[in-house]
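What follows is one structure encoded as structure tokens, with my remarks underneath.
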Amino acid sequence: MRSIEQLTEEILSLPGESRALLADKLVESLEFDSDSTIQAVWVTEAKRRRDEVRDGSIQPISGEDALAQVRRLIEP
């Protein structure tokens, strides 16, 4: 069996996209069952936001534009 150090070295040599996918899978494996009430609230919120986009009451922006706006707000 490989040691953590060996696995880490091997993983860090992967391309960025592969490391990101692996990181997502590792985080998912650590997540615990969420409270059903919280889950229901998030589902309701997600549907509300989806409906706002569909009915045109809001206009979505790209992730790139959103990050640029955040960076402008936090940069000194």
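- Side chain of Q69 to main chain of A66: no donor-acceptor pair is present (N/O by atom type, distance under 3.5 Å, no hydrogens or angles).
- Put simply, CD on E64 and CG on L67 are 8.5 Å apart, with the number rounded to the nearest 0.5 Å.
- Residues satisfying the side chain to side chain contact (heavy atoms under 4.5 Å, CB included) test with E9, not counting sequence neighbours, are none.
- For the pair I58 and R49, the minimum side-chain heavy-atom distance is 4.5 Å or more.
- In this structure, S29 and L26 approach most closely via the heavy-atom pair OG-O, 2.6 Å.
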I'd like a table of donor-acceptor pairs (distance under 3.5 Å, sequence neighbours excluded) in which one partner is a side-chain atom from residues 10-22, with atom names and distances.
| unit_1 | atom_1 | unit_2 | atom_2 | d |
| --- | --- | --- | --- | --- |
| E10 | OE1 | R2 | NH1 | 2.4 |
| E10 | OE2 | R2 | NH1 | 3.1 |
| S13 | OG | E10 | O | 2.6 |
| R19 | NH1 | L14 | O | 2.6 |

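- Looking at every heavy atom in both residues, Q6 comes nearest to M1 through OE1-O, 4.5 Å.
- Residues that satisfy the side chain to side chain contact (heavy atoms under 4.5 Å, CB included) test with Q59, not counting sequence neighbours, are absent from this structure.
- Rounding to the nearest 0.5 angstrom, the gap separating the CG atom in D51 from the CZ atom in R48 is 9.5 Å.
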